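So you know, we letter chains A, B, ... as the sequences are listed, proteins then strands, and number each from 1. Just so we're clear, the structure is a prediction, and the values are computed from it rather than from any experiment. Below, all heavy atoms of this structure are taken into account, side chains as well, without hydrogens, waters or symmetry copies.
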Number of protein chains: 2
Amino acid sequence: MTFDSKQQATVTLAEVAQAAGVGESTVSRVLRNHGSFSRKTRDRVMAAVEQLGYVPNRIAGTLASAGSRLVAFAIPSLSNIVFPDVLRGASGVLEANQHQAVFAVTDYDPGREEALVAAMLAWRPAAVMLAGLEHTEGTRKMLRASGCRIAEVLDLDGTPVDLAVGFSNSAAGRASAEFLLKRGYRRIGYVGHDLERDTRAGKRFSGFTETLQAAGCALVDRQINAGPSSAESGRLGLEHLLARSPDLDAVYFSNDDMAIGGYFHCLARGISIPSQLAIFGYNGLDIGRVTPQPLSTIRTPRVMSGQVAAELIVANAPPQVVDLGFELVEGATV
Amino acid sequence: MTFDSKQQATVTLAEVAQAAGVGESTVSRVLRNHGSFSRKTRDRVMAAVEQLGYVPNRIAGTLASAGSRLVAFAIPSLSNIVFPDVLRGASGVLEANQHQAVFAVTDYDPGREEALVAAMLAWRPAAVMLAGLEHTEGTRKMLRASGCRIAEVLDLDGTPVDLAVGFSNSAAGRASAEFLLKRGYRRIGYVGHDLERDTRAGKRFSGFTETLQAAGCALVDRQINAGPSSAESGRLGLEHLLARSPDLDAVYFSNDDMAIGGYFHCLARGISIPSQLAIFGYNGLDIGRVTPQPLSTIRTPRVMSGQVAAELIVANAPPQVVDLGFELVEGATV
DNA sequence: ACACAAAATGGTAGCGCTGCCAAAAAAAAT
DNA sequence: ATTTTTTTTGGCAGCGCTACCATTTTGTGT
């Protein structure tokens with residue numbers, strides 16, 4: 001069952017020109033405030049625009065001028081607040097610069113990412129923003145061939161195609177391990193989600209375990225759940241982990257969502273934090289600051305990453321890597 | 001400081017046609033799998049496409065065919081997971097139907113919404129999706145004049161322009177009040193965020209208080225914080241509310257983020273839930289299911305709203321209102 | 001083999017706008 | 001008043017593609 005919306009007779013620039021009694025190029029110049037025209041002409045054009053309810057057609061404009069003001073985002077997920085945060089940072093800058101954001105969700109699937117990047121490239125965007133540095137060779141090839149700017153955010157451990165903005169996940173993992181070791185924890189476990197798909201979480205995990213290993217204090221046990229991260233997954237994960245390894249003194253979670261779940265598990269079971277068990281997360285979500293004991297975690301500049309990447313894009317800055325770093329939040333769960 | 005990315009010589013359909021030794025229209029037909037062509041021709045065209053690395057230009061295609069496959073989203077916020085949820089529901093359907101999502105963030109500002117809708121309309125989208133039914137008269141006028149489909153989601157209390165998908169916020173407010181009354185609570189308070197901007201929260205509040213009033217049990221006190229909703233705001237809000245009105249027996253929060261903050265406040269202060277104080281939220285976020293006591297709340301079909309709206313759009317269904325309802329989650333905080 | 005229907009293909013006029021260039025008008029200089 | 005310079009302005013050729021129509025090729029039935 002389809003519906004025919006009355007095809008609104010679209011007003012074109014030519015009609016505005018005729019109504020205003022000027023040439024098409026004059027209308028174009030006035031509307032873009034580009035080139036020169038008299039005040040009188042401008043007023044006449046604007047009056048005609050107003051009167052006819054003219055809405056410029058950016059599709060046509062983009063085709064004619066060969067330079068689009070679209071920025072494409074291929075994001076892994078919309079369930080994890082991390083990516084909306086990046087979009088938020090970017091969208092403010094883009095809107096302020098008359099750019100338009102388009103997006104698609106890859107669901108952490110590199111193959112899907114490739115297909116979606118191909119689809120988005122068909123819109124001839126000015127730039128493409130991606131999460132992380134891990135992409136299929138096909139994706140990378142398309143991106144390089146596209147001639148548009150590429151921004152990879154939230155990871156710096158690897159070789160960027162063009163612009164990279166964010167922080168090192170493996171360094172975050174190392175910092176987390178060092179912090180726990182410094183605080184004297186020795187029987188450390190890990191609760192995480194699907195590391196195959198979330199490669200950044202995988203990098204943190206590697207940095208974490210390698211640091212423990214180097215300190216002669218290897219990871220005691222780990223619980224890795226299938227599926228995406230969530231508080232529920234974290235709660236169940238910790239429950240399983242502790243069932244197997246009840247004598248752990250600290251647990252590192254793949255991120256704050258998982259850690260909050262673990263925190264709730266401890267609350268429910270009367271496990272006192274941090275004396276009986278320490279909990280450490282990653283991301284620095286707001287919720288972790290409101291729990292009775294603030295969550296110990298690493299706060300990442302997600303909004304800022306999106307913002308800086310967007311700024312580099314609109315400024316057409318040269319290829320570069322921008323390390324925004326991260327902040328270790330001591331909190332009270334360690 | 002700007003950067004000249006080497007202007008990749010863009011491959012056009014004409015070049016593909018030449019390379020494949022066929023006409024342009026044949027290439028176009030093959031690529032869109034529309035009209036008829038022989039298998040042999042198809043293979044030749046595909047080989048040329050492959051070899052040249054041709055990426056169709058949808059800008060040109062859209063201009064020529066006068067029917068875009070863009071769907072524009074004007075969303076109030078990316079901080080509140082509610083809107084990413086809607087985007088998530090919609091984006092799956094859109095991607096499956098070769099549509100492309102474009103978005104902009106209104107920041108709950110009707111004037112900003114109007115400006116952003118105008119900007120997005122310039123891309124001649126097939127549809128525009130908006131949150132709620134409250135828009136400026138200018139926005140409504142533009143939308144009607146645009147000739148494209150309009151979907152308003154997450155609210156049904158009002159008059160839609162075209163499609164409306166979601167649930168009634170005032171009914172949700174009423175249901176919350178009835179639930180608390182039925183459970184015997186009589187000294188009820190409210191903690192909320194900026195109701196001027198978030199009109200849907202305002203509608204819930206009205207439905208809630210009117211129902212209390214009608215039951216001869218008016219709202220005892222309310223704490224309304226400036227700014228957006230957050231767990232932090234909920235925690236502080238409850239603290240202030242209880243400082244003024246320590247004898248409340250239940251508190252209704254503007255949403256789950258706020259309610260979780262209130263929950264944490266109680267945990268930290270040793271206020272036992274629900275015997276000393278009952279807590280009721282709104283949204284049915286995942287986090288509320290993982291707390292030691294599951295949060296009593298109303299679960300809303302946010303992802304589904306986006307999905308259904310997108311399905312109606314791609315199917316070009318006639319104007320209609322789809323009530324997806326909501327579910328009252330009894331939880332354990334009431 | 002022949003007539004006729006069906007399938008496959010190519011040519012070309014726009015889609016609505018911008019960029020370039022030349023022409024006209026206005027302003028400044030002599 | 002006339003020339004030179006500067007500011008305004010309009011015309012028109014595309015941007016890369018699709019839609020439509022005309023034409024050619026292939027297939028079918030007798």
(request) Check every atom of D/dT9, D/dC17, C/dC17 against the side chain of A/Ala60 and return the nucleotide holding the closest atom. (result) C/dC17
(request) Check the side chains of B/Glu113 and B/His135 for a donor-acceptor pair under 3.5 angstrom, ignoring hydrogens and angles. (result) yes
(message) Quick check: any donor-acceptor pair below 3.5 Å linking the side-chain of A/Arg29 to the base of D/dG10?
(response) yes
(request) Nearest whole angstrom, please: distance from the P of C/dG16 to the CH2 of B/Trp123. (result) 16 Å
(message) Categorize A/Thr41 for me: base, sugar-phosphate, or nothing, with a 4.0 angstrom heavy-atom threshold over every strand shown.
(response) sugar-phosphate
(request) Test B/Glu134 against every option in B/Arg200, B/Arg140, B/Lys203 by the salt bridge (Lys or Arg N to Asp or Glu O under 4.0 Å) rule and name the one that passes. (result) B/Lys203
(request) Could you check how far CD of B/Glu15 sits from C1' of D/dC15, rounded to whole Å? (result) 13 Å
(message) Is it true that A/Ser28 and A/Ser25 share a donor-acceptor pair across their side chains at a distance under 3.5 Å?
(response) no
(message) What is the separation between atom CG on B/Leu63 and atom P on C/dC15, rounded to the nearest whole Å?
(response) 9 Å
(message) Can you tell me if B/Glu137 has over 12 outside heavy atoms packed within less than 6.0 Å of its CD?
(response) yes
(request) Would you indicate, yes or no, if C/dT18 has its OP1 or OP2 atom less than 4.0 angstrom from a side-chain nitrogen or oxygen of A/Ser28? (result) yes
(message) Distance check needed: C/dG19 P versus A/Leu13 CG, whole Å only.
(response) 12 Å
(message) Rounding to an integer number of Å, can you tell me how far A/Asp43 CG sits from D/dT9 P?
(response) 11 Å
(message) I want to verify a distance call: between C/dT18, D/dT18, C/dG10, whose nearest atom is closest to the A/Glu24 side chain?
(response) C/dT18
(request) Report yes if at least one side-chain N or O of B/Ser38 is closer than 4.0 Å to OP1 or OP2 of C/dA8; otherwise report no. (result) no
(message) If I take atom CD in residue A/Gln18 and atom P in nucleotide D/dG10, what distance separates them, rounded to the nearest angstrom?
(response) 12 Å
(message) Checking contacts here: which listed nucleotide (D/dT9, C/dG16, C/dA8) is nearest the side-chain heavy atoms of A/Asn57?
(response) C/dG16
(message) Whole angstroms only, please: what is the CG-P distance between B/Leu31 and D/dA19?
(response) 13 Å
(message) Checking contacts here: which listed nucleotide (C/dG16, D/dT18, C/dT18) is nearest the side-chain heavy atoms of A/Ser65?
(response) C/dT18
(request) Answer with yes or no whether A/Ser25 presents, from its side chain, a donor or acceptor under 3.5 Å of a partner atom in the base of D/dG11. (result) yes
(request) Give a yes/no on whether any side-chain N or O of A/Arg32 is located under 4.0 angstrom from OP1 or OP2 of C/dT18. (result) yes
(request) By nearest nucleotide on DNA chain C, pick out whichever of B/Phe37 and B/Ala66 is the more 5' one. (result) B/Phe37
(request) Please work out if A/Ser36 contacts a base, only the sugar-phosphate, or nothing of the nucleic acid, heavy-atom cut-off 4.0 Å. (result) base
(message) Quick one, B/Asn169 with B/Asp157, criterion side-chain hydrogen bond (donor to acceptor under 3.5 Å, both in side chains). Give me CA distance, side-chain angles, the key distance, then yes/no.
(response) CA-CA 7 Å; B/Asn169 282 272; B/Asp157 304 319; 4.9 Å; no
